[in-house]
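In what follows, a single structure is set out as structure tokens and then discussed.
Every heavy atom of this structure was used, including side-chain atoms; hydrogens, water molecules and symmetry mates were not. Numbering of ligands and ligand atoms starts at 1, following listing order. The model shown is predicted, which means the values in this text are computed figures rather than measured ones.
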Amino acid sequence: MTTLAPTNTTTSTATRPLRVGVLGLQGAYTEHLYMLQRLGQTMPLEARIVKTAAELDPAQIDALIIPGGESTAMALVAERSGCLDALREFVHKQPTWGTCAGMILLSTTATQTKQGGQNLLGALDITVQRNAFGKQTESFIAPLTIDGIAPADQPFEGIFIRAPIVEVAGPHVQVIGKVDGDHGLQHGERIVAVRQGHLLGTSFHPELTKDLRVHAYFVQMVREALGL
Ligand SMILES: NC(=O)CC[C@H](N)C(=O)O
């Protein structure tokens, strides 16, 4: 009797789990890890914290989440630990989601920066205004409708903490979510969720809710980017 060799090896993308990294230099990274681990209970998905240039390698991880925190501090730690270039290279090619400070880092232009500016990764073609709603005390929660994620009758609980807004979205950027109403310094509709091909940006913090919908959407983006 002839035994046929399996056509799939354990290293092929068809059989191995998706590997999503969470940038663990500063900010709310463990919360993202827990969300991905919860998703991993229902699908082949492996989540890990990444901190070094060597770990920011498409041979190690398929995609990356850059968490919220403080974008100036995060960029500084990235620079000092020698992973800023690897980070820049990674996000230009591989699926990446930035939440709050992470979205600022992904952007091409930021306003209300410290004197002398701050390091940005320049991948997501948006102009963000940092701390647009005001101080920490202006933090708020608002229901959001997000295209492809949260319909109007099942809104997403948007948690905004010293959050940025997207002032200008480039021609290839899809605006997928806006917040409306009076919140701190802002009145009316403001852009708070965007997608540009392999990149996703949100001003708010889905990792601080129990709702896995944005994480599931991102994982689906990764699957599509890998052709799975
Ligand atoms: N919650 C957050 O990530 C806040 C972002 C922070 N205000 C910044 O400018 O980087």
Return yes or no for this condition: an N or O of [X] is under 3.5 Å from an N or O of ligand 1.
X	result
C100	no
G68	no
G69	yes
T99	no
N131	yes

Atoms of ligand 1 close to [X] [distance to a heavy atom under 4.0 angstrom, numbered from 1]:
X	answer
S71	8 (C), 9 (O), 10 (O)
I104	8 (C), 9 (O), 10 (O)
E70	6 (C), 8 (C), 9 (O), 10 (O)

Looking just at side-chain N and O atoms, do Q118 and R130 make a donor-acceptor pair shorter than 3.5 Å?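 There is such a pair between these side chains.
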Note, Q60 side chain near R48 side chain (heavy atom, < 4.5 Å):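 Yes - at least one pair of side-chain heavy atoms lies under 4.5 Å apart.
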So, taking the atom named CZ in F90 and the one named CD in E55, what distance separates them when rounded to the nearest 0.5 Å?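 It comes to 11.5 Å.
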Between the main-chain N or O of V20 and the side-chain N or O of D62, is there a donor-acceptor pair closer than 3.5 Å?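 Between the backbone of V20 and the side chain of D62 there is no qualifying donor-acceptor contact (under 3.5 Å).
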What protein heavy atom is closest to atom 9 (O) of ligand 1, reported as residue, atom name and distance in Å?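 That would be R130 NE, 2.6 Å.
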Does M74 reach ligand 1, in the sense of a heavy atom lying below 4.0 Å from it?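 No, M74 has no heavy atoms under 4.0 Å from ligand 1.
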Taking the basic N atoms (NZ, or NE/NH1/NH2) and the acidic carboxylate oxygens, is any pair closer than 4.0 Å for E70 and R162?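 Yes, charged N to carboxylate O under 4.0 Å.
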Using 30° and 60° as the class limits, which term best fits the ring planes of F133 and H183: parallel, tilted or perpendicular?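 F133 and H183: perpendicular rings.
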Angle between ring planes, F160 versus F140, binned at 30° and 60°: parallel, tilted or perpendicular?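 Parallel.
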